[in-house]
Structure formats: structure tokens, C-alpha cells
Number of protein chains: 2
Amino acid sequence: MTLRQAEPYGRPEKRQAITRAARRVFGRDGYTRAGVDAIAAEAGVSKRTIYRHFTDKEQLFLTVALEGADEVTAAIAQIMDRHLHKIVDLEQDLIDFSLDRVAAVTAFPDHFALVRAIEAEAAHIPPPILQAWVAAGPQTGHLRLAPYLRRIAERGLLRIDDADDAAAHLTLLTVTDVNQQTFYGAIPLPQEEVTRLVTAGVRAFLRSYAASAG
Amino acid sequence: MTLRQAEPYGRPEKRQAITRAARRVFGRDGYTRAGVDAIAAEAGVSKRTIYRHFTDKEQLFLTVALEGADEVTAAIAQIMDRHLHKIVDLEQDLIDFSLDRVAAVTAFPDHFALVRAIEAEAAHIPPPILQAWVAAGPQTGHLRLAPYLRRIAERGLLRIDDADDAAAHLTLLTVTDVNQQTFYGAIPLPQEEVTRLVTAGVRAFLRSYAASAG
DNA sequence: TCCATTTGACACTGACTAGTGTACTTTGAC
DNA sequence: GTCAAAGTACACTAGTCAGTGTCAAATGGA
């Protein structure tokens with residue numbers, strides 16, 4: 001199992017149509033249920049073409065997983081910059097940031113449905129590739145969040161020993177909580193409940209990490 | 001799709017052999033990959049017998065999911081009682097409690113592998129049954145943890161507004177964190193790292209909820 | 001226009017799998 | 001020992017699906 005095939009093949013727009021369709025179908029049906037024929041139909045492409053671009057169903061899946069991670073990581077980076085660059089009201093800014101981050105799950109439904117599929121397949125994915133995915137996706141999220149928190153701490157608004165731990169804790173108390181309850185968006189949750197969960201999570205985080213305890 | 005079949009059929013030990021094997025195979029291979037023949041072989045039972053006890057592969061899966069949840073919920077209840085009944089050193093007791101709770105994942109590997117399978121299948125499981133599972137498993141965990149925290153708060157050791165939120169937050173900061181990183185035990189993590197994560201989580205929880213801030 | 005690359009249509013193989021039908025054997029209660 | 005309930009062995013259907021072979025059609029650059 002190779003990570004990526006070296007030589008590019010075929011027309012890029014075909015390849016993109018395939019990966020897009022694959023992301024959707026893998027996310028909707030899961031790896032095993034997803035049929036290559038269904039992906040071909042969804043992509044408006046011959047099945048034969050898929051096998052000219054990708055050697056394997058497995059390789060297609062892994063390619064899609066890695067490429068999607070990059071995409072979403074970039075989007076999350078933007079959300080961080082929008083909310084955490086300049087802080088006016090820390091609590092409100094963190095709440096807004098977390099709500100936007102949660103909303104990304106619904107903004108990229110195909111990708112996050114795929115995330116569920118990846119987590120389901122974890123035991124069947126070659127460890128190095130799984131680690132590559134974790135590194136490209138979730139881990140990068142933490143690594144990018146940590147510096148923002150550190151900078152906020154330097155301004156005297158937070159008291160932080162380990163910024164990576166703090167980033168992980170903020171994520172757990174907000175995004176992870178919601179994702180777990182909604183199964184990554186598979187089971188909807190009323191927006192007001194999402195807001196409540198995120199608000200409670202941010203408040204708990206601030207009680208734990210705010211420099212000036214009320 | 002009925003929740004449980006009313007009339008009991010066949011010898012209970014056969015039925016148990018089937019459900020045990022099903023739990024293991026479903027957990028190992030996931031729902032779609034898991035073959036009924038494989039389950040029959042693992043159970044030391046004729047495939048025909050499986051279909052006399054259960055109408056469907058699907059019904060077998062759902063039965064196993066619900067029964068396993070009950071079992072593990074009971075085990076977790078014991079862990080709570082062991083560590084949270086009388087508190088001597090709150091931080092240490094919470095750490096020990098959380099470590100034991102995390103260890104339950106490796107103590108019931110078949111069940112928690114199945115949990116991953118359930119979460120993977122979430123979108124394909126009839127909502128009422130999925131909710132029944134959530135109620136029997138994860139939710140009950142929270143509901144049972146909350147009273148303990150409330151009692152600890154009444155003794156003046158914690159300051160808690162919403163005990164359910166507090167229970168959820170403690171769980172997120174410890175068990176969920178570890179489970180997410182290990183993919184429910186599929187990818188191992190050194191014990192020292194588990195201890196570090198849990199300790200950091202409990203400390204963050206206590207900074208957020210302890211009555212007397214240091 | 002020409003030609004090489006790419007793609008499509010489609011039939012096909014081989015393997016696997018859920019579920020059934022049936023005839024035979026085992027088990028355990030009485 | 002009898003007998004009915006339960007289980008086994010095994011062949012079989014019918015469907016699905018990953019991946020391939022083949023050849024014709026489309027595409028696009030020179």
C-alpha cells in the first residue's frame with residue numbers, strides 16, 4: 001500500500017469528480033457498504049476510469065481521507081483567525097469560535113461523515129496511513145489552536161501551563177461534546193441545545209484556565 | 001424491526017454462545033464485514049441455529065448492542081461506587097476513578113470494539129433503537145455519575161451548578177480524550193501517556209469545579 | 001487534420017454472503 | 001424408553017460486488 005501514486009494520470013477534472021463522489025458515498029454508506037459502481041455513477045464517470053486513476057478501492061478511500069483532511073484543516077484555520085486574532089470579550093469570542101467550529105461539521109457534511117467512516121475503519125487501516133490522517137487532520141487542529149491560546153495567555157487573559165493540553169481541553173468541552181452527541185451530524189440536535197452545550201463547555205474551560213477567576 | 005422477540009426460544013447457553021461470538025466478530029470486523037458463517041463458527045454452532053434464535057443479522061447486531069450496554073453499565077456502576085463512595089483525597093480519587101473507567105475499555109475489548117461499530121453504523125441504525133442504545137449505555141453512565149458529584153458537592157468539596165454538565169465534562173476530559181486518541185483501544189497508547197492525559201483532565205476539571213480554589 | 005491519450009460501454013469472472021429447505025441427529029423432560 | 005423440541009450438516013438460491021478485458025468513441029494538442 002503506497003501513500004500516493006507518483007505519476008499523475010488522466011484529466012484532473014475527472015479525478016476530482018471521482019474523489020468528490022467517493023467522499024460523499026464513503027461518508028454516506030461507510031467503506032464496506034460503498035460500492036465502486038455507486039461512486040462511478042455519482043461521479044458521472046465510468047467505473048473503468050476510476051480504476052485507471054486509482055489502483056484500489058482502498059487506495060481511493062485513503063486518498064480521499066487525506067485530501068479532505070487538508071481541506072477542512074484550512075477552513076478551521078480561517079475560523080481560528082477570524083475569532084481568535086483579536087479578543088474583545090474572551091468568553092463571547094470563545095463561544096463564537098466554538099460555534100463556528102461546530103458549524104464546520106455541517107458545512108462539510110461529506111467530509112465529517114467520512115471522518116466517522118475513518119474512525120470506524122481505524123482497526124482496518126494500515127497504522128502509518130491512519131497516523132498520517134491524524135496528523136493532517138485532528139492533530140493539526142490542536143497544534144494550530146495552541147499558539148492562539150498561548151498568545152491570549154501572554155496578554156494576561158488566560159493562565160496556561162501546557163498550551164497543547166489547554167487546546168485539547170477546549171476542543172473536548174465543545175466540539176467533541178457536540179460531535180459525540182450528534183454522531184458527527186448523523187443525528188441532528190436543536191441549535192439551541194448546541195449553543196447551550198458549547199456555552200457550558202466554554203464557561204467550564206474559562207473557570208479552569210482564566211487568569212482572573214471571578 | 002422489533003426491539004426484542006417476545007417468546008424465548010431454544011437453549012439459553014446456545015443463545016449466549018451466539019451473542020458472545022457475535023459481539024466479538026461484529027467488534028472485530030464491523031457490521032458489514034462480519035459474516036454470519038464466521039459468527040456461527042466462532043460460537044461453535046450451526047448457522048441454521050443462529051437463524052432459529054434471531055430473525056436477522058440486523059436483529060442479532062442490535063440485540064448484542066443492547067445487551068452489552070447493560071453489562072458494561074453495571075461494571076461502570078461498580079467502579080463509581082468503589083472510588084466515589086467515600087472521598088479521602090478528591091483529586092487522587094477522581095484520577096483513580098477515571099483510570100479505572102478508562103481501563104474498562106480494555107477490560108471489555110469486545111464490547112468497546114462493538115461500540116465503535118455502532119457509532120460507525122449510527123446513520124444506518126433505526127433511530128429509536130439507536131436512542132435505546134444511547135439510553136442504556138453512555139447516557140446511563142452520565143446519569144449515574146451526576147448524583148455522586150452532587151453528593152461530593154454537598155460535602156463542600158465541589159461547586160456545581162448543573163451536575164449533569166459536570167458529569168459530562170469530567171467524562172470528556174478523561175475517558176473521551178483517551179478513547180478518541182486510541183480509537184477505543186484499537187490503537188494502543190502507553191500507560192504513562194494515559195495516566196498523564198487523565199491526570200491533566202482531572203486537574204482541569206477540578207480547577208473548574210473545585211469549591212476551594214488553590 | 002492527425003494521432004496519442006483518455007474515457008466510456010458493457011459484458012464478464014470469481015468470490016463472497018444472507019438466508020432457506022430439508023433430512024437427520026441430539027438432547028432432555030417425563 | 002418415548003417423544004417433542006432443539007440443533008446439525010449441507011446443499012442451494014439469489015444477489016452483490018471488486019476488479020478486468022475489450023473495443024469503440026471522445027478529447028485535445030500539434
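Predicted model only: the values in this text are computed from it and were never measured. Proteins come first, then strands; the chains are lettered A, B, ... in the order of their sequence lines, and each starts at number 1.
- D:dT27 atom C1' lies 14 Å from atom CZ of A:R52, rounded to whole Å.
- In this entry the distance linking CD of B:E13 with P of D:dT8 reads 10 Å, nearest Å.
- Rounded to whole Å, atom C1' of C:dT27 lies 13 Å from atom OH of B:Y9.
- Classified by interplanar angle (parallel below 30°, tilted 30° to 60°, perpendicular above 60°), the ring pair B:F26/B:Y31 is parallel.
- Contact annotation: A:S46 side-chain N/O to C:dT7 OP1/OP2 distance is not under 4.0 Å.
- Atom-to-atom distance recorded for A:R101:CZ and A:L145:CG is 5.5 Å, nearest 0.5 angstrom.
- If you check residues 31-43 of chain B against DNA chain D, you find no residue with a heavy atom closer than 4.0 Å.
- Atom C1' of nucleotide C:dG19 and atom CD of B:E58 are separated by 14 Å, given to the nearest angstrom.
- Along DNA chain D, the nucleotide nearest to B:R48 and the one nearest to B:G10 differ in position, and the one closer to the 5' end is contacted by B:G10.
- The NZ atom of B:K57 sits 12 Å away from the C1' atom of D:dT16 (whole-angstrom rounding).
- In this structure, A:F26 places its CZ atom 13 Å from C1' of D:dC17, rounding to the nearest Å.
- Between A:Y184 and A:F112, the two ring planes are parallel [angle under 30°; tilted spans 30° to 60°].
- In terms of heavy atoms, A:V178 sits closest to A:V198 at CG2-CG2, 4.1 Å.
- In terms of phosphate contacts, B:K14 brings a side-chain nitrogen or oxygen within less than 4.0 Å of OP1 or OP2 of D:dT8.
- No donor-acceptor contact under 3.5 angstrom links the side chains of B:R144 and B:T73, judged on distance only.
- The A:Y51 side chain lies nearest to D:dT20 when the options are C:dT5, D:dT8, D:dT20.
- Minimum atom distance to the side chain of B:K47 is reached by C:dT20, of the listed D:dC23, C:dT20, C:dT6.
- As rounded to whole Å, 16 Å separates atom C1' of C:dA18 from atom CZ of B:F61.
- Contact check on A:R203 versus A:E91 returns a salt bridge, with a Lys/Arg side-chain nitrogen under 4.0 Å from an Asp/Glu carboxylate oxygen.
- In this structure, the nucleotide among D:dT27, C:dG21, D:dG7 sitting nearest to the side chain of B:H53 is D:dG7.
- Rounded to whole Å, atom C1' of C:dG19 lies 13 Å from atom CG of B:L60.
- Between B:F183 and A:W133, the ring planes lie tilted relative to each other; the angle falls in the 30° to 60° range.
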